[in-house]
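What follows is one structure encoded as structure tokens, with my remarks underneath.
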Protein chains: 2
Amino acid sequence: MPNSGLDRLDISILEALQENARMPLSEIGRRIGLSQPATSERVKRLEERGIVTGYGARIDPAALGLGMMAIIRIRTTHEHIHPALRAFAEMPHVIEVHRMTGEDCFLLKVQVPSPGQLETIVDSIARFGAVTTSLVLRSEPAKPLGKALLEGA
Amino acid sequence: MPNSGLDRLDISILEALQENARMPLSEIGRRIGLSQPATSERVKRLEERGIVTGYGARIDPAALGLGMMAIIRIRTTHEHIHPALRAFAEMPHVIEVHRMTGEDCFLLKVQVPSPGQLETIVDSIARFGAVTTSLVLRSEPAKPLGKALLEGA
DNA sequence: TCTGAAACATGGGATTA
DNA sequence: TAATCCCATGTTTCAGA
């Protein structure tokens, strides 16, 4: 088990903070049977060790008029890779960029208001190589980390 | 522009909260030129309108021994879809599940400690259909929402 | 565990559209 | 009038000893 020296209490803290990063430390402590200062100390250590890298608000894209999500794969050649990365960084609708093994070099997650906007993005990406676009019909809520570590690893 | 009645200040608040959900309201207010109570009021309204759906900790998977990320696509038939969704929900290493259009019905994002664990997951998914697995070599940091709305939309 | 400091929620009054 | 802001203050939450 490659757990970085985390005990059950640390895992519980991570789960609580993923569920609600604004939960008071006293409340987290109450759940796991620790005092507020002891909980505070553990959270600070999790941050210092680089396990907790920050805290972010969850935002509903649909509520902002970005109700359409798509997955775009790009198959390209080696000399296009770095220009492509720079181009993706400039596109605000491109939310995630992953470089991968396999036939396709890149996988992008984009969040757009309309098919027309998606077309614009696809067109501006096509210069790098062959593009495959899929519309996301439904996404399950993203799963928090934590459980995966306790069971077998 | 399909912005749900958000002005520039609301957008700035969303950006600040995505960067650091624990930023004090007084600090957010200072950045955008508003008092702490006025900022508090706006944040509460963003929550009530369902734009901010929660707050979560960002966790480094590698620091938890889950240093390997993979993208798995599955091509299956209609009768397998709901059993597959239930099965994915039970797999702790499967972080995201998207149902899509196109040849492949599902796209999964998985986070594993080792190739062996990835093999186990692929094997247990293969019963639903044809599986295509790609290892993620590198991911750019996920982009926050906000900018995309101001420019043209 | 306790305490001073920081951050938050609430109510009243002023301003603007 | 309705909305939004600021200021003042009581309460909660945090950090350090």
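These numbers were taken from a predicted model, which means no experiment stands behind them. Order of the sequence lines sets the chain letters (A, B, ...), proteins ahead of strands, with each chain counted from 1.
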Check whether any side-chain heavy atom of [X] lies under 4.5 Å from a side-chain heavy atom of [Y], and answer yes or no.
X	Y	answer
B:L6	B:L14	yes
B:I13	B:I28	yes
A:M91	A:S124	yes

What residues, two or more places apart in sequence or in another chain, satisfy side-chain contact (heavy atoms from CB on, under 4.5 Å) together with B:P24?
-> B:S26, B:E27

Residue pairs, two or more places apart or on separate chains, that pass side chain to side chain donor-acceptor pair (under 3.5 Å) and touch residues 131-142 of chain A | A:R138-A:E140, A:S139-B:H98

Between A:E19 and A:R31, is the closest basic N to carboxylate O distance under 4.0 Å?
-> yes

How many angstroms lie between atom [atom1] of [X] and atom [atom2] of [Y], to the nearest 0.5 angstrom?
X	Y	atom1	atom2	result
B:H80	B:R75	NE2	CZ	14.0 Å
B:I125	B:I72	CD1	CD1	4.5 Å
B:H93	B:I121	NE2	CD1	5.5 Å

If you fit an axis to the five pairs at each end of the helix from C:dT1-D:dA17 to C:dA17-D:dT1, how big is the angle between those two axes, to 10 degrees?
-> 20°

Under a 4.0 Å heavy-atom cut-off, which of residues 53-60 of chain A touch DNA chain D?
-> none

Note: chain B reaches DNA chain C at heavy-atom distances under 4.0 Å over the stretch, first to last nt, 5' to 3', of C:dA7 to C:dT10

How about B:F128 and B:F106: are their ring centroids closer than 6.0 Å?
-> no

Residues in side-chain hydrogen bond (donor to acceptor under 3.5 Å, both in side chains) contact with [X], at least two apart in sequence or another chain:
X	value
A:E41	none
B:R42	B:D7, B:D10
A:R86	none
B:E48	none

Any pair counted as ring-ring contact (aromatic ring centres under 6.0 Å, His included), so long as it reaches residues 5-50 of chain B, sequence neighbours left out | none

Ordered by number, residues from residues 22-36 of chain B within less than 4.0 Å of DNA chain C (heavy atoms) are B:P24, B:L25, B:S26, B:Q36

At the 4.0 Å heavy-atom cut-off to chain A, mark where contacts on DNA chain D begin and end, going 5' to 3'.
-> D:dT13 to D:dG16

